[in-house]
J.: 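Mind looking over this structure? Questions follow.
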Amino acid sequence: MRSYSTRPDRRSPLRRLRNLGIALTAGAALTAASLAAQDDPAPEPAPEPAPEAVPAAPSLLFLRANKVIVSPGKSLDNMGLLVRDGRIVAMGTDLAAPEGVETIEGEVICAAFIDPWSVAGVDASSARTDRVDTASRATDALDPYGQDEVLDDLLESGVLMLRVEIGSAAAVSGVGAVIRADGAVPVLADAAISARLYAPGLDPVSRVGQVDRLASALGGAKKYADDVATYESNLKTWEEEIAKKETELAEDFKKAKKSRDKKVKEAKEEGEELKEKKYKEDKRPRPPKFDAKKASLARAVGGEVPMVIHVEQALELRELLRVTRPFTRMRLVLAGGRSALLFADELAERGIPVIVTPAPSSPGGDVGEMDPGFALAGELSARGVEVLIGSGATSASASRDLPLLAAAAVGHGLDEDAAFHAITAGPARVFDLQSKVGSVRRGLHADLLVLSGDPLSSSTRVLASISGGKVVHQAGN
Amino acid sequence: MFTSLILSAAAAASGSSVPADGTSWTIHADKVYTSTGKVHESALIVVDGGKIRAITPGVEATRDALKAAVVTAGMIDASARLNSGTASVEQSSEVTPLISAEFGVDLFSPGWGRLARTGITSAFITPLNQNCIGGMGMVLKTAGDRSVKGRTVEGAPMICGAIGSQPSQRNSSAFGRPTSFFNRRPTTRMGVEWEWRKSFFEAAQAKEPDASQKVLLDALAGKVGVFVQAWATQDIRTAVFLKEEMAREGFGEMRLVIDAGAEAWREPAMLVRTNTAVILPPVPAQGRTTDGALMSVECARVLRDNGISFALSGHGGSRLDLQAGLAMRGGITREEALRAVTLTPAQLLGVDGRVGSVEAGKDADLILWNGEPFEATTRPVGVLVGGHLALDPR
Amino acid sequence: MKSSLTQPLLALGATLLLASSAAAAPQVDKTAIKAGTVITLAGEAIPDGVIVIEGGRVTAVGAASEVQIPWDATVIDQPGMVAFPGFVEAHASRGIDRPNETLDVAPFLDVKDSIDPVNFYFEEALRQGILTINVQQGNDTVVAGQGMVVKPFGMTVEQMMVRPRSGVKISAAPKRGKTRATQAQALRGAFDDLQRYLEEMVQRQKDGDDFDRREALYQGRELEGEAAKGKPLACSGWTVDGFERVPRGEVDEKREPLLRIIEGKLPVIMWCATPMDVHAALRVAEANGFTATMTLALAPACWKAAAKIKESGCSVILAGLEDDELDPITGESIETFVPKVFHDAGIPFALMSTGDANRSLWYQAARCVANGIPRADALAAVTTTPAAILGLGDRVGKLANGTDGHVVLFSGDPLDITSVVEHVILDGAHVYDRSKDVRVKQLFDGTRPPGTASDTSGEEEWPGDGDDPEDDDDTENNG
Amino acid sequence: MLISCLIAAAPLLGATAADDAFALRASHVHVGNGQVVLDAFVVVEDGVVKSVSNNAPRGVRVVEVDGHIAPGFISLRETLGAGSENAERTRKSTPTADLSFAFDPTSPNWKGLVSEGVTTVLLPAGNSQIAGGQAAIVSPAAGEVLKRNAVVTLGLSRAALGSSTAPTSFAGLYAHLGEQFAAAPEGSPLAEAKAGKVPVMMRAVTRSEVHRALEFAAAYGLKGAVIGAPEADDLVDELKASGLAVVFESKAAPASSKDVVKSALALSKAEVPFAFTSDAGSQGPLGMRMQAAACMRAGLDAGAALRAMTADAARIAGVDATHGTIATGRAADLVVWSGPPTDLTSRVHSVYAGGHLVHSAHAHGAHQ
């Protein structure tokens with residue numbers, strides 16, 4: 001009944017290698033959420049009751065509110081929503097609750113919050129380690145048991161989805177996932193490859209060194225992908241040649257046999273050993289030596305998955321922007337970016353989003369006087385950069401503060417709609433889930449909040465959290 | 001006639017099934033081991049206001065009585081070691097008789113609940129054993145009131161300390177200028193012994209003794225018990241010889257209790273001679289304990305055979321009922337094992353007036369067992385502490 | 001170290017003669033044991049029962065009135081004692097010199113090479129009535145070596161051996177220096193490598209055959225069709241087309257055990273330290289098709305994944321009885337009696353003994369009874385269930401015609417706190433007699449055994465581990 | 001940078017503004033005690049509030065502000081400006097030490113505090129001290145000490161125990177504290193605290209530490225507050241009975257502590273006064289508002305949240321006669337917000353301290 005998706009398996013040169021077991025579809029036996037969607041590419045069944053073996057999501061659910069925020073800045077008044085099998089199947093002002101269907105009412109209904117930068121639901125040691133590589137996967141570190149307390153808090157605060165990563169101490173920390181807070185089950189197993197260019201206390205030279213190392217890793221991955229492509233085309237031509245040869249030989253066989261028999265006879269008369277004709281053909285081309293790390297990173301370089309890079313200081317950021325220009329297909333996302341204002345124009349022009357973690361400015365800190373503190377989100381957005389707001393993956397429970405952080409950003413200049421976008425539609429778009437979550441539309445997955453007021457207002461309470469059509473929290477119980 | 005009267009009392013108590021304070025119950029058991037040698041068959045125990053009101057043998061269970069196969073008194077761990085670690089011992093001096101364990105306990109520690117659920121209803125708490133003379137110990141109930149005062153069971157005062165390697169562990173000689181107060185004596189076993197003797201001599205010979213010396217004088221006079229951790233034979237000897245020396249000096253007869261006397265079985269004679277009681281530590285996994293002392297399940301039997309008064313302890317980690325069972329494995333009877341975890345520790349700690357046996361008038365500290373106590377195949381299924389259910393048998 | 005070697009010799013010396021004589025003429029060896037009660041675990045207990053063992057196998061079990069004792073049998077008559085099949089230890093990482101290698105993936109290793117017949121552990125096992133032991137490598141690994149089922153008696157590994165290559169130890173919990181993410185990655189990598197290796201093998205074979213065919217065509221020779229040289233791959237997880245073309249002999253012997261695992265020919269014992277490890281374990285097992293041949297060895301916390309385990313149909317081995325966690329809201333501690341959870345879920349479970357001489361398998365089973373598990377099921381968890389897990393269900397863990405001639409004589413009921421093992425008969429040979437047990441004497445009569453001076457240098461003679469959550473470390477000062 | 005010019009400007013500003021009375025007009029005026037006056041004029045004269053009313057005052061300059069006016073927030077623990085100057089580590093107790101001398105008015109850190117609407121701060125002794133001295137109430141904006149020897153701070157948590165300095169035990173700690181109180185001469189801080197004339201602030205974190213602190217306070221008749229106590233919800237009855245208040249400390253990360261949220265709700269239900277601090281939080285000056293907002297999203301009503309940061313905080317610090325509310329005679333510490341002051345989405349337009357404009361969003365252009 002439950003399943004989850006990986007990205008569409010495009011006919012990329014890496015396809016065959018990925019099928020050799022590094023394909024994330026292999027991870028399909030993972031614990032999985034009720035995204036049993038027709039539009040999911042090959043959703044693989046993975047029977048998996050949530051840890052506390054909760055009953056399957058109720059097939060029908062009716063929601064009503066005076067205001068439904070369908071997308072940032074766009075809302076409809078006095079709407080009813082019908083949810084069936086985890087999806088929004090009907091919306092309308094005149095829509096009434098069907099007989100005997102559980103109904104939840106509130107002031108406001110909006111898309112559930114998504115934390116684009118979190119470690120909630122991830123086993124703590126895996127989150128902190130530096131012993132990971134580009135082929136490591138966050139889905140291997142999901143812990144619905146050890147983290148149940150934290151996850152329950154998230155359901156209360158309305159943060160129902162998270163983009164999690166592992167190896168916060170590593171330069172490149174592998175494949176992150178988007179998970180549901182409800183049971184820490186993956187929604188997208190290969191959400192992004194993440195890396196960081198942030199090591200406080202390093203001297204400028206080694207700081208630039210970090211960037212160079214990342215650049216050469218990206219270069220290496222690109223070359224690997226190219227080699228695989230070359231191999232595949234060579235193989236194709238070779239196979240064609242050989243096929244042609246086979247048919248020729250088959251045709252010439254009778255002739256060949258006759259001349260051989262003749263030779264055999266002659267040889268017998270001469271009393272000599274028969275000399276067979278030498279046969280030669282081209283060898284099958286050898287594939288490049290398999291390299292899981294490069295294969296994984298190549299997916300980011302090729303733009304199949306976004307590349308999230310944590311960078312704070314101006315030096316690294318400038319270098320990063322420079323070295324990544326050649327990788328035109330790569331979808332770069334910045335995390336942190338305390339000094340991003342200096343490069344706002346390039347970021348806007350290259351369409352690079354920034355995941356901001358609103359925090360106070362610390363005079364004499366990493367970025368010193370340049371640190372705009374809480375104003376960062378507001379000012380980046382004002383300069384045309386797409387801003388996402390994340391809890392910064394400092395601790396699992398930090399994600400709980402996401403709505404507060406977004407509100408604080410508003411309190412320091414970020415437009416209210418932009419702030420709402422930054423924790424709903426924004427993350428959904430950047431991590432290729434906009435066709436499933438992030439806004440309230442017919443056909444989308446029912447990951448919704450029923451609120452007592454505006455989403456970011458401090459006096460608003462989360463009356464109900466609906467995750468994949470399942471009511472996972474209701475105020476008062 | 002008489003029983004019917006009791007029964008009506010019982011009915012009265014049970015009639016008002018669970019009063020507001022929840023400290024009144026009727027309990028029916030196929031067998032009640034009283035710890036005083038008596039065994040009541042098919043008895044009804046009436047608990048009211050946290051006290052045992054009546055025990056009526058040979059009657060049927062009332063409808064709403066708590067039922068159990070066997071009922072015994074709650075166990076008393078004479079060395080529960082449930083203090084808040086280093087924060088419970090004042091290490092600025094190696095002899096601190098004025099320190100009280102009272103400030104070294106954390107009543108909110110989950111450890112208390114664990115003790116209570118395994119049938120331990122009272123526990124003797126001492127300061128962490130890293131001083132020679134650490135301070136005053138105290139007996140606390142393992143459940144009930146949230147204030148130390150409310151939990152305290154007033155008993156015979158006990159000054160607690162240690163002889164052996166532990167008190168000297170953190171100390172070292174100073175190189176050049178002393179950098180911490182750990183640059184001091186004792187750094188050896190003999191240093192530890194020296195500190196003990198020194199403090200007692202100074203107390204006994206002081207012109208006008210100060211507050212802490214007064215405590216030591218009471219100890220010498222036997223008014224305050226002396227509770228000494230001594231695992232190995234040589235340390236038990238040291239304690240005994242100290243007592244004897246003080247007596248020879250005419251300072252007085254101190255009331256000595258050896259705690260964690262793993263090797264007490266080696267030289268029982270000196271314990272008999274000085275009428276010294278022993279608290280046995282948990283039987284170790286493979287024969288050897290702290291300070292390399294050797295101990296087997298038969299230690300209890302050896303002490304029994306020599307008529308030495310002894311109690312068992314769990315050190316907060318090991319189940320006390322298992323320790324009693326292992327003592328039986330070593331050769332003592334169930335009745336003797338029961339005594340060693342109830343009445344004997346109560347007497348050693350001077351709280352037998354309130355706890356340690358199942359008798360009318362005593363605190364309702366009771367264990368409801370699902371079979372014969374201390375068998376590996378049985379366990380406490382219900383526990384009452386002062387009438388409060390710490391473990392609900394229903 | 002020396003003394004630790006001599007200890008067991010002392011302890012067992014008394015019985016060696018018997019053993020050697022048994023070894024000398026096993027065929028004609030006949031033993032009859034008469035006991036006050038015979039617990040067979042293959043039916044009701046028999047009062048005044050008799051067990052006849054011939055050539056190391058049980059040939060008759062029954063009431064004294066019914067069973068005919070051969071005239072030439074050695075009779076052991078203990079009317080006051082209880083005869084019992086002997087306990088089965090489903091998983092132990094003791095009795096070997098070092099539990100783990102540093103290699104991540106080393107399925108080609110075999111504990112056979114590291115078992116130390118005179119290790120104290122085997123002597124102690126005998127004393128505790130544990131007569132069948134599955135020795136496995138430790139948990140600090142990714143894919144460790146193959147285990148071996150032994151009996152705790154004999155001067156050489158060959159004498160001790162019951163079944164070689166009993167299974168490979170795999171750990172779903174992180175090896176030292178790894179995290180959950182990298183452990184799972186390494187584990188997946190091991191099997192991905194195998195798959196790639198096999199695919200390349202097949203490819204080479206194919207290329208060769210195809211070349212030969214074309215060469216023949218070119219030279220005008222007739223060529224008989226290629227015959228399959230090996231067997232097809234029988235893995236339910238994944239497959240490699242054309243594998244039958246490859247002769248099995250050509251598979252690298254270092255990889256061969258993994259191949260046997262994915263083909264379900266070599267059992268797996270999978271260690272899980274936390275419930276999330278159970279998910280990881282089942283993930284890799286399902287992906288590579290060895291769920292059916294996997295047994296889970298579980299730390300207490302894993303009870304939370306019981307539902308998931310039930311689904312998988314795996315049996316479990318429980319290391320530790322109680323899980324103790326703090327309620328995040330109240331701060332109170334919550335104890336869970338783990339075997340009860342598995343018993344109620346209907347999952348076959350075996351218990352594991354700890355390093356504590358006083359809490360061996362008999363104690364583990366007894367605690368189950370104390371916590372509401374029926375006696376029969378509790379006993380099964382230390383006898384028939386582990387026997388079944390080891391595929392020895394018809395040989396050990398019960399007393400019936402045809403089972404191995406193992407009998408333990410207890411002083412009373414095996415689960416009574418006061419009962420001790422008085423005699424052990426192994427393959428019909430009388431190998432243990434408590435009255436002649438040197439170490440027991442030394443421990444209990446107060447004479448300090450040699451090599452137990454009051455320092456900690458001798459600790460190694462007393463191997464122990466802290467598996468049991470109840471287990472109390474006396475060197476620590478406070479709870 | 002900005003602050004230093006403010007310090008320089010302050011006297012001048014004062015010279016011109018002090019005699020010159022003015023009024024602020026806003027749609028909402030939050031008095032601080034829970035009451036809200038709509039479309040009101042707040043008249044300020046000589047740095048204090050002269051009146052709050054709905055009718056326009058005569059003869060004073062009226063500044064129309066768009067939004068809500070609220071009292072400046074009060075943080076009951078902030079050592080930013082003191083560095084490590086607030087702990088005399090050579091001794092465990094220096095009860096007569098005066099924390100006002102640890103106050104560095106020129107510290108750049110104060111600026112951030114003011115810009116978040118915090119106009120009053122309590123500067124206590126370090127946590128490693130037992131009787132570390134007498135806390136001072138300071139105005140970070142004016143760079144002035146508002147009240148010396150305001151509160152006696154006591155460290156009763158494990159942090160006050162030494163590892164190789166006496167005392168190492170709670171028994172030793174309380175023995176030591178007992179001696180300190182016994183030895184305190186008439187009129188000395190501890191004696192005043194014992195007489196209930198000066199409030200105390202006792203740092204206790206775990207439930208058992210808090211329990212002991214309450215027993216000690218009862219034994220010595222101390223008034224004031226416990227600071228720390230994240231699990232206060234489990235001790236509501238004891239706290240209620242003790243008459244003491246609770247001050248919740250900011251957390252490193254996450255900014256909002258689940259325990260504190262639970263406790264704040266429980267205390268507010270039992271009407272035990274509580275307050276927040278801005279100290280040591282990952283959200284810096286915003287920490288206390290962030291924590292309050294977390295409580296509100298869990299159900300604490302806005303009025304109670306505002307009280308905790310204004311009126312109640314002032315009462316706990318014993319400065320309610322001059323601070324914490326907007327009422328006649330109170331210091332004119334006013335913050336103009338774009339919306340409700342407790343709502344994180346509201347922006348600070350301008351901040352007045354003692355009647356002086358000390359921060360204005362427009363002048364605050366750090367990075368263009």
Side-chain angles (χ1 to χ4, degrees), chain B residues 80-85 88 108-111 113-115 117 128-130 166 231-234 260 262-263 265-266 281-298 301-302 314-319 322 324-326 328-331 370-371 374-379, chain C residues 120 124 324 326-327 330-335 354-359 362-372 375 378 413 415-420 439-440 443-446 448-449 452-459 461-466 468 470-479:
Chain B
R81 312 206 158 190
L82 192 62
N83 55 37
S84 42
S88 70
F108 296 88
S109 149
R114 271 183 217 122
L115 290 188
R117 282 192 297 278
L128 176 61
N129 46 29
Q130 288 195 340
Q166 256 150 359
W231 294 87
T233 305
Q234 71 181 114
E263 284 193 345
W265 54 272
R266 282 197 183 284
V283 178
Q286 295 290 352
R288 179 103 33 57
T289 69
T290 305
D291 281 349
L294 196 69
M295 178 184 180
S296 84
V297 295
E298 302 218 349
R301 199 210 66 224
V302 175
H315 285 195
S318 193
R319 299 177 63 106
L322 170 63
L326 293 178
M328 285 168 64
R329 198 171 169 79
N370 60 355
F374 314 138
E375 285 296 332
T377 51
T378 65
R379 68 184 177 99
Chain C
F120 170 80
E124 184 62 23
D324 191 344
L326 290 190
D327 181 325
T330 65
E332 265 301 318
S333 78
I334 313 163
E335 288 113 4
T354 74
D356 188 335
N358 302 313
R359 303 180 200 179
W362 69 270
Y363 174 75
Q364 308 278 319
R367 289 317 293 169
C368 290
V369 175
N371 287 274
R375 177 185 162 97
D413 184 274
L415 298 191
D416 277 0
I417 191 96
T418 49
S419 298
V420 293
R439 193 188 299 272
V440 167
L443 258 180
F444 289 0
D445 69 7
R448 170 169 288 184
T452 57
S454 71
D455 61 61
T456 48
S457 70
E459 284 299 0
E461 297 164 37
W462 307 86
D465 54 35
D468 188 343
E470 293 179 16
D471 211 346
D472 175 31
D473 175 5
D474 284 64
T475 56
E476 134 243 319
N477 295 315
N478 281 284

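In the text below, chain A, chain B and the rest are named by the order of the sequence lines, each starting its count at 1.
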J.: Give the minimum heavy-atom separation between B:Glu375 and C:Ile417, together with the two atoms involved.
T.: OE1-N, 3.1 Å
J.: Closest heavy-atom contact between B:Ser318 and C:Arg359?
T.: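 B:Ser318 and C:Arg359 have their closest heavy atoms at OG-NH2, 3.0 Å.
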J.: Indicate the atoms forming the closest heavy-atom contact of C:Leu326 with B:Arg114, along with that distance.
T.: CD2-NH2, 3.9 Å
J.: Between B:Pro284 and C:Asn358, which heavy-atom pair has the shortest distance, and what is it?
T.: O-ND2, 3.5 Å
J.: Does C:Glu335 have any side chain to side chain donor-acceptor pair (under 3.5 Å) partners at least two apart in sequence or in another chain, and if so, which?
T.: B:Arg117
J.: Test of understanding: with side chain to side chain contact (heavy atoms under 4.5 Å, CB included), list the residues that count as partners of B:Arg379, not counting sequence neighbours.
T.: B:Arg319, B:Asn370, B:Val381, C:Arg367, C:Ala370, C:Asn371
J.: Supply the atom-to-atom distance C:Tyr363 OH to B:Leu326 CG, rounded to the nearest 0.5 angstrom.
T.: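 One finds 8.0 Å between OH of C:Tyr363 and CG of B:Leu326.
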J.: Does any backbone or side-chain atom of B:Phe374 lie under 4.5 Å from a heavy atom of chain C? Answer side chain, backbone, both or neither.
T.: backbone
